[in-house]
Amino acid sequence: MKKIESIISGLTRYIGIIIIIFSIFAFIAPAGFAWATNYTSWFLGAAMFGMGLTIKAEDFKAVLMRPKEIIIGCIAQYTIMPVSAWALCMLLKLPPDLAVGVILVGCCPGGTASNVITYIAGGDVSLSVGMTIVSTLLAPIMTPFLTYLLAGAWVDVSLIAMIISVTKVILVPVLLGLVVHRLLGKAMERISSMVPLISVVAIVMIIAGIVANNVEKILTCGLLVLGVVILHNLMGLLLGLLASRIFKVEYDKATAIAIEVAMQNSGLAVSLAAANFASNPLATLPGAIFSVWHNISGSVFASLRRAGAKKGNARNLILTDN
């Protein structure tokens, strides 16, 4: 059992590399993965169900115990990333399809991968989990509203249809997972370490399917989308840190906030693009590429923040000794 848990932990930690590997396979042999896009909403629902299964009562206590950081993180989540996405689309004069996709990414809640990256970075994991829970529960209102507000300059956005979509693929599975966790009790605790595998498989299949169905589009505009995605993600990291510094948030909590802000639930962006913007086929591409990139950048950022924390601790020890 411990070996299985160790393998699952490794898969979760290196999900970015796994996504890259499967994306390459999907690019080379698209026929083997193209079918996955027919089940994008189901895969995302499975990932969100898995998230619900892992939420404990202690996680909600963490939300209540540190409202300041939770509020800062969630406000930053739903301002920095949406506005940054809109600004990049305007400045770079992106075509409607890509603009919608980038804005969808920016308007989504934090992704569950942020919790793993925060752990690697030595950040406040319970704060990260709390922000993910709160931003996810707010998503059925915030994501459609912000998309309607910001993407309306490029395409027609159906606010009601998007609210229904987000509720179906986010809120319902998460709440169902919470109920199952509550009903299973101690039995759930014994298998909780294996639950993240559901999210890993689901996210990998969503991205592989998108890549397989967009090989030609990736060849023609993949570099442009990658450039926008990199800029968007880095803006989230830097502005998330800046917001934390302005409000004098501690180092480990600032790390969690910056990671949470910058790492979006891009699987939701892909699902919403496929369900609500079928006439804009390229809208799924930014979310797919973001899923690959934010795991890479998040891992690098985590290494830098962990090193910074060690230097800070060493400095404090020296000052204490003196």
Next on the checklist: With a 4.5 Å cut-off on side-chain heavy-atom distances among I, L, V, M, F, W and Y, is there a chain of contacts connecting Ile164 to Val270?
Outcome noted: no
Next on the checklist: Just verifying a value: how many Å separate Asn233 CG and Phe290 CZ, rounded to the nearest 0.5 Å?
Outcome noted: 4.5 Å
Item to check | Distance (rounded to the nearest 0.5 Å) between Thr136 OG1 and Met131 CE | outcome: 11.5 Å
Next on the checklist: In this structure, would Ile21 and Ile296 fall into the same cluster of hydrophobic residues linked by side-chain contacts under 4.5 Å?
Outcome noted: yes
Checklist entry - For Thr167, what residues pass the side chain to side chain contact (heavy atoms under 4.5 Å, CB included) criterion, not counting sequence neighbours? => result Pro140, Ile163, Leu171, Val172
Checklist entry - How far apart are the closest heavy atoms of Ala256 and Asp124, and which atoms are they? => result CB-O, 3.5 Å
Checklist entry - With sequence neighbours left out, what residues match Ser84 under side chain to side chain contact (heavy atoms under 4.5 Å, CB included)? => result Ile80, His232, Met235, Leu239
Checklist outcome for this item: Heavy atoms of Thr284 and Ala273 approach each other most closely as CG2-CB, 3.7 Å
Checklist entry - Do Ile18 and Val201 share a hydrophobic cluster (ILVMFWY, side-chain heavy atoms under 4.5 Å, transitive)? => result yes
Checklist entry - Leu226, Phe27: one ILVMFWY side-chain cluster at the under-4.5 Å cut-off? => result yes
Next on the checklist: For a quick test of reading the model, state the closest non-hydrogen atom pair linking Ala283 to Pro286 and the distance between them.
Outcome noted: O-CD, 3.5 Å
Checklist entry - Which pair of non-hydrogen atoms, one from Leu146 and one from Pro82, has the smallest distance, and what is that distance? => result CD1-CG, 3.9 Å
Next on the checklist: Could you check whether any side-chain heavy atom of Ile259 comes within less than 4.5 Å of a side-chain heavy atom of Ser128, counting everything from C-beta outward?
Outcome noted: no
Checklist entry - For Phe247, does its backbone N or O pair with a side-chain atom of Lys68 as donor and acceptor, under 3.5 Å? => result yes
Item to check | Pairs satisfying side chain to side chain donor-acceptor pair (under 3.5 Å), at least one member in residues 262-275, at least two apart | outcome: Ser41-Ser271, Gln77-Gln264, Ser266-Ser291
Checklist entry - Could you give the distance from CD (Glu250) to CG (Leu127), rounded to the nearest 0.5 Å? => result 10.5 Å
Next on the checklist: Val83: which residues meet the side chain to side chain contact (heavy atoms under 4.5 Å, CB included) condition with it, sequence neighbours left out?
Outcome noted: none
Next on the checklist: Are Ile72 and Val249 packed together at the side-chain level, in the sense that at least one heavy-atom pair is separated by less than 4.5 angstrom?
Outcome noted: yes
Next on the checklist: Side chains of Leu238 and Leu242, heavy atoms from C-beta outward: is any pair under 4.5 Å?
Outcome noted: no
Item to check | Gap between atom CG of Leu138 and atom OG1 of Thr143 - 0.5 Å precision | outcome: 9.0 Å
Item to check | Residues forming a side chain to side chain contact (heavy atoms under 4.5 Å, CB included) with Ala36, sequence neighbours excluded | outcome: Phe43, Met205
Residues 87-111 side chain polar contacts: donor-acceptor under 3.5 Å, at least two apart:
from, atom 1, to, atom 2, distance (Å)
Asp97, OD1, Asn280, ND2, 2.9
Asp97, OD2, Leu282, N, 3.4

Checklist entry - Can you name the nearest heavy-atom pair linking Gly298 to Ile117, along with the distance? => result O-CG2, 3.2 Å
Item to check | Val174/Phe49 under side chain to side chain contact (heavy atoms under 4.5 Å, CB included): CA gap, chis, key distance, verdict | outcome: CA-CA 5 Å; Val174 169; Phe49 176 70; over 6 Å; no
Item to check | Any Leu237 side-chain heavy atom under 4.5 Å of Leu234 side chain | outcome: yes
Item to check | Heavy-atom side-chain proximity of Phe33 to Val211 below 4.5 angstrom | outcome: no
Item to check | Within 6.0 Å of CG in Leu223, more than 12 heavy atoms from elsewhere | outcome: no
Next on the checklist: Please report the interatomic distance CE(Met263) to CH2(Trp293), rounded to the nearest 0.5 Å.
Outcome noted: 11.5 Å
Item to check | Between Thr118 and Glu260, a side-chain donor and acceptor under 3.5 Å | outcome: no
Checklist outcome for this item: Heavy-atom closest pair (Cys74 atom, Ser135 atom, distance to 0.1 Å) is SG-N, 4.1 Å
Item to check | Stacked cation flag Arg305 on Tyr251, 6.0 angstrom / 45 deg | outcome: yes
Next on the checklist: Assess the residue pair Trp86 and Met81 against the criterion (side chain to side chain contact (heavy atoms under 4.5 Å, CB included)); give the C-alpha distance rounded to whole Å, side-chain angles, the decisive distance to 0.1 Å, and a yes or no.
Outcome noted: CA-CA 9 Å; Trp86 176 83; Met81 293 304 275; over 6 Å; no
Item to check | Co-membership, hydrophobic cluster, residues Ile71 and Val261, 4.5 Å side-chain | outcome: no
Checklist entry - For Gly209, does its backbone N or O pair with a side-chain atom of Asn213 as donor and acceptor, under 3.5 Å? => result yes
Item to check | CZ/Phe22: more than 12 non-hydrogen atoms of other groups inside 6.0 Å | outcome: no
Checklist entry - How many angstroms lie between atom CD1 of Ile257 and atom OG of Ser244, to the nearest 0.5 angstrom? => result 4.0 Å
